[in-house]
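Hydrogens, waters and symmetry mates play no part in the numbers below; they use all other heavy atoms, side chains included. Lettering of chains follows the sequences in order, A, B, ..., and the numbering in each one begins at 1.
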There are 2 protein chains.
Amino acid sequence: MSAARPLRVDAERNRQRILEAARTLFAERGVDVSVDDIAAAAGVGIGTFYRRFPDRESLVEAVFATKLDRIVEAARAALEIEDPWEAFRTYVMTVSRMHAGDRGLKDVMLSTDRGREQVTAFRATIQPLAGALIERAKAAGVLREDISPFDIPLIHQAVGAIADVTRDCSPDYFERTLTLLVDGLAQQRTAPTPMSAPPLSVDQFLTIMARRR
Amino acid sequence: MSAARPLRVDAERNRQRILEAARTLFAERGVDVSVDDIAAAAGVGIGTFYRRFPDRESLVEAVFATKLDRIVEAARAALEIEDPWEAFRTYVMTVSRMHAGDRGLKDVMLSTDRGREQVTAFRATIQPLAGALIERAKAAGVLREDISPFDIPLIHQAVGAIADVTRDCSPDYFERTLTLLVDGLAQQRTAPTPMSAPPLSVDQFLTIMARRR
DNA sequence: AGAAAGCGGAAGCACTCCCTCCAGTTCCGT
DNA sequence: ACGGAACTGGAGGGAGTGCTTCCGCTTTCT
């Protein structure tokens, strides 16, 4: 199906530029960035955009296909870890960090639009993997029993939401929320896991609370 | 200053209807609801809205003034509790529940627009109260030492964000996220705090992940 | 060099939102 | 019970935003 003649070099270069710009903008500002902004960031005209992609949605799909794959890889990698808690914790933290670093990922996971098949397929793949991580940790008595597999995506959402608010000002802040949540997931715990990011300064706090739209 | 002649009865009734409609809509959909929607929900025309309020922002201020007061009350009430952990925990949970029940509250706390003075005054009031709750719990060795006062508002934001996503489908779900976070805040813990809400069903999960905009 | 492919961006279309204006209606004091 | 002040509804002005099409000009490739 893709046996069509290859794109002219300038066309291919522009296509890559658009994908690159979209990756950046989707990560920084979510999937709702306008086509005009993406074209501008890519240094091409809007006309060029619509010659390379049939519509906006196709671009979204193209950008996030690879991201979803990386989450699956993270789950597979975590399953290689022997210690059940380490494995589970690594998975949750790795995926949370992906969400924290990419505002668009949350949007796509919650989307109803096209790319739905993509996301549905992704979920079918990830569920048994994440399920295995959870079961293993529960069986070892290190993960609280009352956790459902469906709680995990919402933990990612929570961490992502905090990252959305704090990203501009203190890009690592979300690690603190993540640490709290993961500590809350443990069956028991004698001491807190050390925080890997400092608290907000007064200035950072005020800046965050006075964010522009 | 408010010694002006009282409003005509129909005018006062409409004013109350608008405030009531705004309270509901801000809670359900955030502060960005349009004036048209508020007027329609109140059963009045837009013209009437603009005769009662100089502009949209004034309505926002009027609605949230009382809400911010209630948060301060919650802090004062929590300070009455003897047990330092119970006091701290009650404050965090009460305010988180307010955020969970009112989408607009998060928006207002993060606003840069008017109402800023209002929010600034609120913060000046709440900070010493919340600070006392935190210090007391740390001194008693029940709250982790690495928590900063500025972490608390972000916990509220995280819970609120989860409530935004799950509200339609499972209005109590946020309690689970809240439980995890509060368990994560404890200095140590031998068993998980029981969840006060059930996990999502498959249907609920899929509905949430396919939300309409 | 000529044709095919590609380019930029103006402009059309379809929203959405805040707010003003005013002809018609309701209330209230006398 | 009546006259005028207060109030009402909603059409429409003005300003934006976003997606997509179109087309005269440019670049690439053979």
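Rounded to an integer number of Å, the gap from A:Ile18 CD1 to D:dC19 C1' is 15 Å. Whole-Å rounding puts the B:Phe49 CZ to C:dT20 P distance at 11 Å. Here the P atom of nucleotide D:dT17 and the CZ atom of A:Arg56 are 16 Å apart, to the nearest Å. Regarding A:Arg52, its CZ atom lies at a distance of 15 Å from the P atom of D:dT21, rounded to whole Å. When rounded to the nearest whole Å, the span between CZ of A:Arg13 and C1' of C:dC7 equals 11 Å. As rounded to whole Å, 12 Å separates atom P of D:dG10 from atom CG of B:Asn14. In this structure, A:Arg8 places its CZ atom 6 Å from P of C:dG6, rounding to the nearest Å. The interatomic distance linking B:Asp55 (CG) with C:dC17 (P) rounds to 17 Å, in whole Å.
Mapping A:Val33 and B:Asp10 onto DNA chain D by nearest heavy atom places B:Asp10 at the nucleotide closer to the 5' end. When each of A:Val9 and B:Glu12 is assigned the nucleotide of DNA chain D bearing its nearest heavy atom, the one mapping closer to the 5' terminus is B:Glu12. Across the interface with DNA chain C, nearest-nucleotide mapping of B:Leu7 and B:Ser34 shows B:Ser34 to be the residue nearer the 5′ end.
Taking the six-membered ring for Trp and thresholds of 30 and 60 degrees, B:His156 and B:Tyr91 have ring planes more than 60 degrees apart, a perpendicular arrangement.
Here B:Arg167 pairs with B:Asp164 in a salt bridge; the nearest charged N to carboxylate O distance falls below 4.0 Å. Comment: B:Arg176 does not engage A:Asp146 in a salt bridge, judged by the lack of any side-chain N to carboxylate O separation of less than 4.0 angstrom.
Comparing C:dC18, C:dA11, D:dT28 against the side chain of A:Ile46 picks out C:dA11 as the nearest. Taking every side-chain heavy atom of B:Arg51 into account, D:dC7 is the closest of C:dA11, C:dC19, D:dC7.
Within the 4.0 angstrom heavy-atom criterion, base atoms lie near B:Thr48.
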Are A:Leu180 and B:Ile155 close enough, and set up right, to give a side-chain contact (heavy atoms from CB on, under 4.5 Å), and what steps lead you there?
CA-CA 10 Å; A:Leu180 290 181; B:Ile155 288 174; 3.9 Å; yes
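The CZ atom of B:Phe205 lies 7.0 Å from the CG atom of A:Leu154; values are rounded to the nearest 0.5 Å.
The side chain of B:Tyr50 places no N or O atom within less than 4.0 Å of a non-bridging phosphate oxygen (OP1 or OP2) of C:dT20.
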